[in-house]
Amino acid sequence: MGRQALISVSDKTGVVEFGRALAERGWTLLSTGGTFAALQEAGVPVTAVSDVTGFPEMLDGRVKTLHPAIHGGILARREDGHLSELAAQGFSTIDLVCVNLYPFRETVARGAPFAEVIENIDIGGPAMIRSAAKNHAGVLVLVDPADYALALQDEISPAERRRLAAKAYRHTSEYDAAITAYLEGNSDELPTRLPPELTLNLSKVAEVRYGENPHQPGAIYRWGSAHGPVMDARVVAGKPMSFNNYADADAAWALCMELAQQEEGMVCVAVKHGNPCGVARAEGVRAAWELARDADTLSVFGGVVAVSGRVDLNAAQAMRGTFLEVLIAPDVTPEAVEWFAAKKPDLRVLIAGKAEAVSVLDLRPLAGGFAVQERDTRPWDDLCPEVVTKRQPRDEEWNDLRFAWATVKHARSNAVVLARGGVSVGLGAGAVSRIWAAERAVANAGERAHGASLASEAFFPFDDVVRLAAGAGVTAILQPGGAKRDPEVVAAANELGLSMVFTGSRHFRH
């Protein structure tokens, strides 16, 4: 018998054309299920695997290819001993395996019930792929329609065969990782969300020209089946996104959505180099943008902006005089898109959806590995704020303290935020000293510090920040508490007539 190819694919892109081309070159085609039906319907000569094994498909299709006639034909080394054993059993070699797997990840992504997800765990497919990849010296293994044309060449080098084998093992590895992640996520018996072994099932979703700097290659990858509002956003105007654009847009959108859940109104967040530099809440998108812009007109230049509502032409035109890298919103009107394309052609305009299936894990690279933690998603409503001073915060101060607490959570430590009337009037972030962060926030605020509320993502080891804030006109402070000198810090606040609230929770961000 001549060369045999076994074709059984879930993704049928180009499979009929590929099968026909193989048949025209003298290959005998073996197939199962839907692939067999597709080839037969298209008039491509094909043999059912059950005719080769002598057994029908059974157990609702769970068993089709798990048979020595199939795996012997794939695994046999092309040498006398193995070939003689095959011949003695009446089996023939299988020289090409074209398989891709049941749509497990797609089934999970559409929210299918558990039983249906389990039925989409492929067994025979991975077994055939791994068998063919092991024996790649004699068997060509294909898991990607993009490689079909290669299989039609007269000669395929050992290096290409090895590359396809590696690709096949990556395919099954990622598949197993997706199954593992799903089962761990649906288990009530797991002792921890940080397992002893963590597999990063990543697939490239976007090319970027380079990473943080031109000498660093970079790309964007999806973790398993997770969706990200920025990673999956639709770019409706402007240039392709850069590595840094993705990072800053993700930071801006996260804070924007957190604040949008607190109260009514529109939110605008401007981010520069991973830190918020202007944050505001107002009745409309344009007003929120103008307040956020004016919070720090110097830093917002070249920044990334996220808004919580639809951007219309009026709001778009308000951005005329400010250079921005990215604007991300839940919706942008066609008139606004057209205006941006004509007036700000370099601005990337993104429409983002709601995040679904976002990983709870946060990874930080180390030399040789990662530091892994759960994401800091603790909401305000999970706190039990304690007023530790004689003076209680007024209602408007409570609003600003909550606003500032959400903002400081998204700033790099050490971080201090001043807010007044739903606007970040001063922000100091990424400082190696808390007093330096506070000094930067106060200097940034200037006269706007009068009547402002202050939030710090970590406690005060001394009363210096309290005295600095009071001297600038701040009237209320929110901080975790828990320092050895808390009594001295509270005493200073009482002495200066400030309100102080302890959250009992901190928001370090490095």
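Numbering of residues begins at 1 and proceeds along the displayed sequence.
Nearest approach of C277 to D296, heavy atoms of both residues: O-CB, 3.2 Å. Of all heavy-atom pairs spanning A280 and V423, the tightest one is CB-CG2, 4.0 Å. In plain terms, the two heavy atoms of C268 and V305 that are nearest each other are SG-CG1, 3.6 Å. Taking every heavy atom of both residues into account, G218 and V208 meet most closely at O-CG2, 3.1 Å. Pairing each heavy atom of G125 with each of V99, the nearest pair is CA-CG1, 3.9 Å. In plain terms, the two heavy atoms of L259 and V269 that are nearest each other are CD1-CG2, 4.5 Å.
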* Walk me through it: do D147 and K167 pass the test salt bridge (charged side-chain N to carboxylate O under 4.0 Å, His left out)? => CA-CA 11 Å; D147 294 320; K167 188 173 185 177; 2.9 Å; yes
* Carefully, step by step, assess R434 and S456 under the rule side-chain hydrogen bond (donor to acceptor under 3.5 Å, both in side chains). => CA-CA 9 Å; R434 187 150 307 279; S456 168; 2.7 Å; yes
* Asked: Can you check side chain to side chain contact (heavy atoms under 4.5 Å, CB included) on L454 and V416, steps first, answer last?
  -> CA-CA 7 Å; L454 179 151; V416 170; 3.6 Å; yes
* Under the side chain to side chain contact (heavy atoms under 4.5 Å, CB included) criterion, do V501 and I477 qualify, and how do the steps go? -> CA-CA 6 Å; V501 179; I477 293 176; over 6 Å; no
* Asked: After noting the C-alpha distance and the side-chain angles of I179 and F104, does the key distance pass the side chain to side chain contact (heavy atoms under 4.5 Å, CB included) rule?
  -> CA-CA 8 Å; I179 295 169; F104 177 84; 3.8 Å; yes
* Asked: Yes or no on side chain to side chain contact (heavy atoms under 4.5 Å, CB included) for R310 and V332, after CA distance, side-chain angles and deciding distance?
  -> CA-CA 5 Å; R310 184 177 65 171; V332 183; over 6 Å; no
* Evaluate salt bridge (charged side-chain N to carboxylate O under 4.0 Å, His left out) for E396 paired with R420, printing each intermediate quantity in order. => CA-CA 9 Å; E396 60 270 23; R420 189 179 71 183; over 6 Å; no
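Ion pairing between a basic and an acidic side chain is recognised when a charged N comes within 4.0 Å of a carboxylate O; R222 and D232 show such pairing. Using a cut-off of 4.0 Å between Lys/Arg side-chain N and Asp/Glu carboxylate O, R281 and E264 are scored as not salt-bridged. A salt bridge links E397 with R391: the distance from a Lys NZ or Arg NE/NH1/NH2 to an Asp or Glu carboxylate oxygen falls below 4.0 Å. For E457 and R506, the salt-bridge test fails: no basic side-chain N is under 4.0 Å from an acidic carboxylate O.
Ring pair W398/W380 is perpendicular by interplanar angle, where above 60° counts as perpendicular and below 30° as parallel.
Inter-residue side-chain proximity for Y210 and Q216 is flagged as unmet; no heavy-atom pair is nearer than 4.5 Å. The closest side-chain heavy-atom distance from F340 to M319 is below 4.5 Å. Looking at heavy atoms from C-beta onward, T333 lies out of side-chain contact with V311 at the 4.5 angstrom threshold. Contact check for R286 versus D312: no side-chain heavy atoms found under the 4.5 Å cut-off.
Between the side chain of Q479 and the backbone N or O of G481, at least one donor-acceptor pair lies under 3.5 Å. Judged purely by atom type and a 3.5 angstrom limit, D362 has no side-chain atom pairing as donor or acceptor with the backbone of E374. Panel note: side chain T297, backbone R293; no donor-acceptor pair is recorded below 3.5 Å. The backbone N or O of A483 lies less than 3.5 Å from a partner atom in the side chain of D486, making a donor-acceptor pair. S424 places a side-chain N or O within 3.5 Å of a backbone atom of V279 that can act as its donor or acceptor partner. Checked by atom type and distance alone, the side chain of R320 never pairs as donor or acceptor with a backbone atom of A316 at under 3.5 Å. The backbone N or O of V9 lies less than 3.5 Å from a partner atom in the side chain of T35, making a donor-acceptor pair. Between the side chain of K272 and the backbone N or O of V304, no donor-acceptor pair lies under 3.5 Å. In this structure a side-chain-to-backbone donor-acceptor pair under 3.5 Å is missing from Y246 to V230. Side chain of S242 to backbone of N245: a donor-acceptor contact under 3.5 angstrom is found.
Note that CH2 of W253 and CG of L350 are 9.5 Å apart. Values are rounded to the nearest 0.5 Å. Summarising the geometry, atom CD belonging to E488 is positioned 6.5 Å from atom CG belonging to D463; distances are rounded to the nearest 0.5 Å. We find the CG-CD distance between L347 and E325 to be 8.5 Å, quoted to the nearest 0.5 Å. With rounding to the nearest 0.5 Å, the separation of OG in S505 from CG in L383 is 5.5 Å. Distance check: D331 CG to R234 CZ gives 8.0 Å after rounding to the nearest 0.5 Å. Atom CG in D464 sits 4.0 Å away from atom CD1 in I435 (nearest 0.5 Å).
Sorted by first and then second residue, the pairs that involve residues 473-510 and meet ring pair (Phe, Tyr, Trp, His ring centres under 6.0 Å), not counting sequence neighbours, are W405-H507, F508-H510.
For the residue pair D11 and T13, a side-chain donor N or O sits within less than 3.5 Å of a side-chain acceptor on the partner. Side-chain contact, N275 with R412: no donor N or O sits under 3.5 Å from an acceptor N or O.
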